[in-house]
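Structure record follows, encoded as structure tokens.
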Amino acid sequence: MSTARGREKAAFIILGFATLLVVLPIILTIVYIIKNGFSAISWEFITQSPRNGMRGGGIFPAIVGTIILIIGTMVFSLPLGILSAIYLVEYARDNTFTRLIKLSVVNLSGIPSIVYGLFGFTLFVLFLRLGTSILAGALTLSIMSLPVIITATKEALEAVPYSFREISFSLGATRWQTIRYCVLPYAIPGILTGTVLSLSRAAGETAPILFTVAAFYLPRLPRSVFDQVMALPYHLYVISTQVPNMPASISFATAFVLIALVFLMNLVSILLRAHYRKKKQW
Amino acid sequence: MHKRISEYVIEGCIRLSGFAVIGFVFLIFLFLLKDSLSLFGIYPVKEFLFGIHWLPISEPPKFGVIPLLLGSLYVTFGAIIICVPLGVGTAMFIAEVAPKSLKHILKSLVEILAAIPSVVLGFIGIIWLGPFLKNSFHLTTGMCGLTGSLLLAFMALPTIISISEDALAGVPKSFKEAAYGLGATRWQALWRIILPSASSGIIAGVMLGVGRVIGETMVVMMVTGNSPIIPTSILQPLRTLTATIAGEMGETVSGSDHYFALFAVGLVLFVITFVINFLAEIFLRKARR
Amino acid sequence: MVDDVIIKVVNLNSYFGPLQALKNINLEIHRNEILGIIGPANSGKTTFLRALNRLNNLNDTYSQSGEIFFEGQDISGISDSALRKKTGIIFALPQVLPVSIYNNVAYGPKVHGVTNKKTVSEIVENALKKAYLWDEVKDRLDLPAPRLSGGQQQRLCIARTLAIEPEIILYDEPCSGLDPISTAKIEDAMEQLKENYTQILVTNNTKQAARVSERCGFFLMGELVEISETTALFTHPKDQRTDDYVTGRFG
């Protein structure tokens, strides 16, 4: 028996060690960026445009650009994603076609981001003649975000007790009335959480915006949806790889701002989830 | 009670949206195919698929995809060797060994890792990991396959860990209790009973992790050195399928052979990840039963 | 004894996928009666009830053959919405929406297009009164319905059904989760409702069927074995199987 116990102890130590090897770098990475980036963060940094070939000044246009792209992505992906999920959960019958739809959702989620970039370029920028623009970039990011929103909405809808629907139908409500009054209102928390999460991922993506919207240096803010725009992830990429003699503190600060934005959105999503869990009445 | 017209409209939109997803997958495939075929009109498919030289700007240009494919495979393989044991091990730790409070913290940390944008990891590769490896191993440059593999392994961990952890946690309690009833230790129950039952789910998680790694662009573009030759060792610079597209697209003229060739590379990527995801989904279905 | 036929079921066969739940059901339901449906578990009682308001169709695998006539009209020609407005149903476990008492009852009228606030408020009050719940909740109509007791919730379910002004009320083992006092209250309500509504009561409790119903049908394994006046069914049933069930030889 003692050898079995001994083996168990050894095994658990190895597992713990593996976990440590995973967890330590995560913490160190975050600390590393915060430590080195925090010093360069200032009000000017966040509110001014870059100067001196990106080596000085601030990253304001990139921050604005990312926020614009987030909003644009939400505008396109949210309605389409929610409606698709409603179809899958409330209307679709259990047949091959439905299975095809579900398979397509899975596939969309596995397509590499650069392939989305290619697709966005050829469809939105060229074919639909939108040019490299906020519109093209947002549309590309939206298609990329669809699977996450669809999945989150689907789970939220399925979590609503079936009895609500049964009650509604038995009183003579139509399917849409049932969804609108007895299902959707209770799925909104889950949908919201999933949406914020999906948008936080879109905010950090570089590949899809490389050819569809990202501008290298655009100190003025965009005037229409057909304009290009700077974006935080692209900016970080450019200053890390293509600007010689780049002061490291600015690069770290840019990475810091990007991470802070993404983490803030994640935090909002987590807080939303906790808040609605408390308010649940069933 | 008649359905109002507005209801017909809304239900129409809902049904259309349901089909939209299929439409997008087809659209992506179609557009990639369209431009790839433009290449295959003037450049033989066989030389594309099996050619060992990727020299898009030479005269005549060569578009052999093998160096890129091997670059992707090398870097992926390197990443997998690292992240599968670490990831599955961590999943086992979280699922079976860690006390409840620690479990929560660990899962949150993994979620934090999942949230880090890939460009930030690429940045870390350039500013710290690359130079670190260069000095430690006395390499000519830190921008090589190894740097890429390490960062990619890091990136794939959340996928592997969360899917594996779900699979392990999903094993019916009765299995565990039966094992304990026969006198097994927690480790024996974990190794001999729980792990095998969760194997379908874990395999699915690994496959999805592989898919993620093969499809990753920014990290490899920033740290693997971008030299599109067949790599002889992981300590050398190499080029992946993804980095090729991202890196060279900006330099091509729309409608040129090089341009179409990049779409062909995109098509190859699409097919590879399609197959991986399809297989992973099969394993996930198996696991759910 | 009222002899006006309100529902006529002809050769009804029901299937869930390959499984046959109802075999060749033929029966007539009379206006303003309380019809009891008894039988052991899985005999098709609930399936029969739910065929009357097409609630079975919510299940993807359901199919049926045969006809059901409502006042002479084939119900397959009536929309789901209109049919379910005519036939309210009370489920076995009290199921309320997580909204206020008022809104639970007001939901039915709302989906059928009643927008005038005063009208709705009158409908709600009348329905709660007829369900013997008004006195207990009239001062707290804003209370979330899930906070009511089981018996009160079930009476709330009756009220919300009454609010859509059905002609028929279906009860699917409505008292199975309730204490005797709540059960008695519901049985009293049923007695009062007889005047204006036709009621069909599916129950596992033969004594309840004996108390409440005028006619009673015995279902066994998807078949309607026998249907007759309640006292006759219980005291001298025509079929041996009925006799075995009501005397408790199996159940």
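Chain naming here is simple, since letters A, B, ... match the order of the sequence lines and numbering starts at 1 in each. All of these numbers come straight from a predicted model, not from anything done at the bench.
Outside the 6.0 Å centre-distance limit, the rings of B:F24 and A:F119 are not counted as a close aromatic pair.
Not counting sequence neighbours, A:R129 has no partner by the side chain to side chain donor-acceptor pair (under 3.5 Å) test. Looking at residues two or more places apart in sequence or on another chain, you find no side chain to side chain donor-acceptor pair (under 3.5 Å) involving A:K9.
Contacts between A:L20 and chain B at a heavy-atom distance below 4.5 Å are absent for every atom of the residue. Only the side chain of A:I27 comes within contact range of chain B, with heavy atoms under 4.5 Å apart.
Side-chain contact between A:Y32 and B:I127 is present, with at least one heavy-atom pair separated by less than 4.5 Å. Residues B:I116 and A:I30 meet the side-chain proximity criterion, which asks for heavy atoms closer than 4.5 Å. Between A:Y87 and B:S17 the shortest side-chain heavy-atom distance does not fall below 4.5 Å. At a threshold of 4.5 Å between non-hydrogen side-chain atoms, the residues A:Q177 and B:E7 count as touching. Between A:E8 and B:L190 the shortest side-chain heavy-atom distance does not fall below 4.5 Å.
Ranked by heavy-atom pairs shorter than 4.5 Å toward chain B, the options A:G81, A:S109, A:P147, A:G16 are led by A:G16. No other option in A:L210, A:L108, A:I33 has as many heavy-atom pairs under 4.5 Å with chain B as A:L108.
Looking at every heavy atom in both residues, A:V22 comes nearest to B:F154 through O-CE1, 4.0 Å. Here the closest heavy-atom approach between residue A:S113 and residue B:T217 is recorded as OG-OG1, 4.1 Å.
In this structure, the side chain of B:E281 does not engage the main chain of A:L103 through any donor-acceptor pair within 3.5 Å.
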Exercise. Would A:Y116 and B:I28 count as a side-chain contact (heavy atoms from CB on, under 4.5 Å) if you check the C-alpha gap in whole Å, the side-chain angles of each, and the deciding distance to 0.1 Å?
Worked result: CA-CA 8 Å; A:Y116 275 110; B:I28 296 179; 3.9 Å; yes
